[in-house]
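Atoms considered below: every heavy atom in the structure, side chains included; atoms not considered: hydrogens, waters and symmetry mates. Here is how names work: the chains are called A, B, and so on, in the same order as the sequence lines, proteins then strands, and each is numbered from 1.
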Amino acid sequence: MPELPEIETIRMSLAPVLIGKTVQKITVYKKELRWTVDVGDLNTWVKNSRIVGVERRAKYLLFEMHNGATVVVHLGMSGRLGLFDENDTMEKHTHIVFDLTPTLQLRYRDPRRFGYIFVTPPGKLELHPRIKNLGVEPLSGRFHAEYVLSLSMSKRSVKSILMDAAVVAGVGNIYANEALFYAHIHPAKPVCELSCETCSNLVAAVKNVLNCAIASGGTTLNDFRNGRGEPGFFQLELAVYGRAGKPCQNCGAEILRVVQNQRSTFYCPECQK
DNA sequence: CTAAGCGCCTGCATGC
DNA sequence: TGCATGCAGGCGCTTA
């Protein structure tokens, strides 16, 4: 489900509600997610502690506690975080519930359980194995044409590089496909063959498509919702993702679907060389 | 070291 | 209606 724009959308919807609230109770209904939830850590660092920040790094949501600990949440493919009244029906696959007031709950739901949640003690976030190897944030100034050019010893395809979190953190399958379309680059093109100008176009396309998706509240293909349960609308603006067999918006050629690294790739054979 | 493939899970759409 | 198949916003681990 969620790539950087969806996580950012969730972050923005949750932050104003969560900041300042104290976690009163934590109920773990199923701790077998991608990795087993450490309930002891949650009780030690999160229960009875106040939330002072809601941040994002790559596709991770970071809940900063007053005691300096951080709750790190990854939503995998099907994870959702949402605000509910305690009397709201508990949806199937709700695995963790945080009580924030006598009636307000933050619920973590994840049918496929590819997501996970862990706590890092004060000062230890950047040392965590899942965090320490993350590449640059695509919307930061550290993601620039020279950075992409510096990878030019690699023969890997440009799409697999874009989706490698150790290189650029947060770009997933939808937005890699979309950015390559706008940059007019064939997804299978090896990065070592990209010109300086092409790298520049790629960086600009990535930033632009991510910013546009955030402005549209993310992409809701199936089940993505923000923290208030509202869908996004960027699916209406997708140029290539999921459009196999349909005409290219630029040239009218048929959009193709191929499989690269076990993931669907969509592109226009005329516009992307 | 790099790069590609496998498998984790449930739900949904499609075809017979 | 039932069943089999394929596919899905991710990513760590294993293998070559």
**Student:** Look at all strands and tell whether A/Asn222 reaches a base, only sugar-phosphate, or nothing, counting heavy atoms closer than 4.0 Å.
**Tutor:** base
**Student:** Can a side chain N or O of A/Ser160 be found less than 4.0 Å away from OP1 or OP2 on B/dA3?
**Tutor:** no
**Student:** With both distances under 3.5 angstrom, what nucleotide forms a Watson-Crick or G-U wobble pair with C/dG10?
**Tutor:** B/dC8
**Student:** Is there a Watson-Crick or G-U wobble partner for C/dT1 with both distances under 3.5 Å, and which nucleotide is it?
**Tutor:** none
**Student:** Can you see if the side chain of A/Arg34 gets near the phosphate of C/dC11 - specifically, an N or O under 4.0 Å from OP1 or OP2?
**Tutor:** no
**Student:** Is the phosphate of B/dT2 approached by A/Ser154 (side-chain N or O, under 4.0 Å from OP1 or OP2)?
**Tutor:** no
**Student:** Please report, rounded to the nearest Å, how far the P atom of C/dA8 is from the CZ atom of A/Arg80.
**Tutor:** 20 Å
**Student:** Base, sugar-phosphate, or nothing for A/Arg109, non-hydrogen atoms under 4.0 angstrom?
**Tutor:** nothing
**Student:** Just the rounded figure in Å: distance from P of B/dA3 to NZ of A/Lys159.
**Tutor:** 17 Å
**Student:** Taking the six-membered ring for Trp and the single ring otherwise, decide whether the centroids of A/His74 and A/Tyr60 are under 6.0 Å apart.
**Tutor:** yes
**Student:** If you look at every strand shown and take non-hydrogen atoms under 4.0 Å, does A/Tyr241 touch a base, only sugar-phosphate, or nothing?
**Tutor:** sugar-phosphate
**Student:** Roughly, in whole Å, what's the span from CG in A/Leu33 to C1' in C/dG10?
**Tutor:** 14 Å
**Student:** When you measure from the side-chain N and O atoms of A/Arg112 to the phosphate of B/dC8, is any distance below 4.0 Å, counting only OP1 and OP2?
**Tutor:** no
**Student:** Given B/dG11, is OP1 or OP2 found less than 4.0 Å from the side-chain N or O atoms of A/His93?
**Tutor:** yes
**Student:** Between C/dT14 and B/dC9, how far apart are the P atoms? Round to whole Å, please.
**Tutor:** 15 Å
**Student:** Assign each of A/Ala165 and A/Phe266 to its nearest nucleotide of DNA chain C by heavy atoms, then name whichever residue's nucleotide is nearer the 5' end.
**Tutor:** A/Phe266
**Student:** Quick one: A/Leu75 CG to B/dC9 P, roughly how many Å, whole number?
**Tutor:** 18 Å
**Student:** Tell me, please, whether A/Trp35 has A/Arg130 positioned over its six-membered ring: NZ or CZ under 6.0 Å from the ring centre and within 45 degrees of its axis?
**Tutor:** yes
**Student:** Would A/Ser157 and A/Lys189 count as a side chain to side chain donor-acceptor pair (under 3.5 Å) if you check the C-alpha gap in whole Å, the side-chain angles of each, and the deciding distance to 0.1 Å?
**Tutor:** CA-CA 5 Å; A/Ser157 72; A/Lys189 187 144 181 120; over 6 Å; no
**Student:** Determine: side-chain N/O of A/Tyr116 to OP1/OP2 of C/dG10, distance under 4.0 Å, yes or no.
**Tutor:** no
**Student:** Taking only side-chain nitrogens and oxygens of A/His74, does any of them come within less than 4.0 Å of OP1 or OP2 of C/dG10?
**Tutor:** no
**Student:** Could you give the NZ-to-C1' distance, from A/Lys155 to B/dA4, as a whole number of Å?
**Tutor:** 15 Å
**Student:** Once you apply a heavy-atom cut-off of 4.0 Å, does A/Lys92 come out as touching a base, just sugar-phosphate, or nothing?
**Tutor:** sugar-phosphate
**Student:** Taking the inter-plane angle between the rings of A/Phe234 and A/Tyr175 on a 0 to 90° scale, is it parallel (under 30°), tilted (30 to 60°) or perpendicular (over 60°)?
**Tutor:** tilted
**Student:** Using 30° and 60° as the class limits, which term best fits the ring planes of A/His184 and A/Phe181: parallel, tilted or perpendicular?
**Tutor:** tilted
**Student:** For DNA chain C, whose closest nucleotide is more 5', that of A/Tyr60 or that of A/Leu221?
**Tutor:** A/Leu221
**Student:** Taking 4.0 angstrom as the limit, do A/Glu137 and A/Arg56 come out as a salt bridge?
**Tutor:** yes
**Student:** NA contact type, A/Arg130, heavy-atom cut-off 4.0 Å: base, sugar-phosphate, or nothing?
**Tutor:** sugar-phosphate
**Student:** Between A/Arg257 (CZ) and C/dG6 (P), how many Å, whole number?
**Tutor:** 12 Å
**Student:** Using a cut-off of strictly less than 4.0 Å, decide whether A/Arg113 has a side-chain nitrogen or oxygen near OP1 or OP2 of C/dG10.
**Tutor:** no
**Student:** Could you tell me whether the side chain of A/Lys207 and the main chain of A/Ser140 form a donor-acceptor pair under 3.5 Å?
**Tutor:** yes
**Student:** Starting at atom NE2 of A/His128, determine the distance to atom P of C/dG12, rounded to an integer number of angstrom.
**Tutor:** 11 Å
**Student:** For A/Met153 and B/dT2, give me the distance from atom CE to atom P, rounded to whole Å.
**Tutor:** 10 Å
**Student:** Could you check whether A/Phe114 and the base of B/dC8 form a stacked pair, meaning centres closer than 5.5 Å and planes differing by less than 30°?
**Tutor:** yes
**Student:** With a 4.0 Å limit, can you tell me whether A/Lys59 has a side-chain N or O closer than that to the phosphate oxygens OP1/OP2 of C/dG10?
**Tutor:** yes
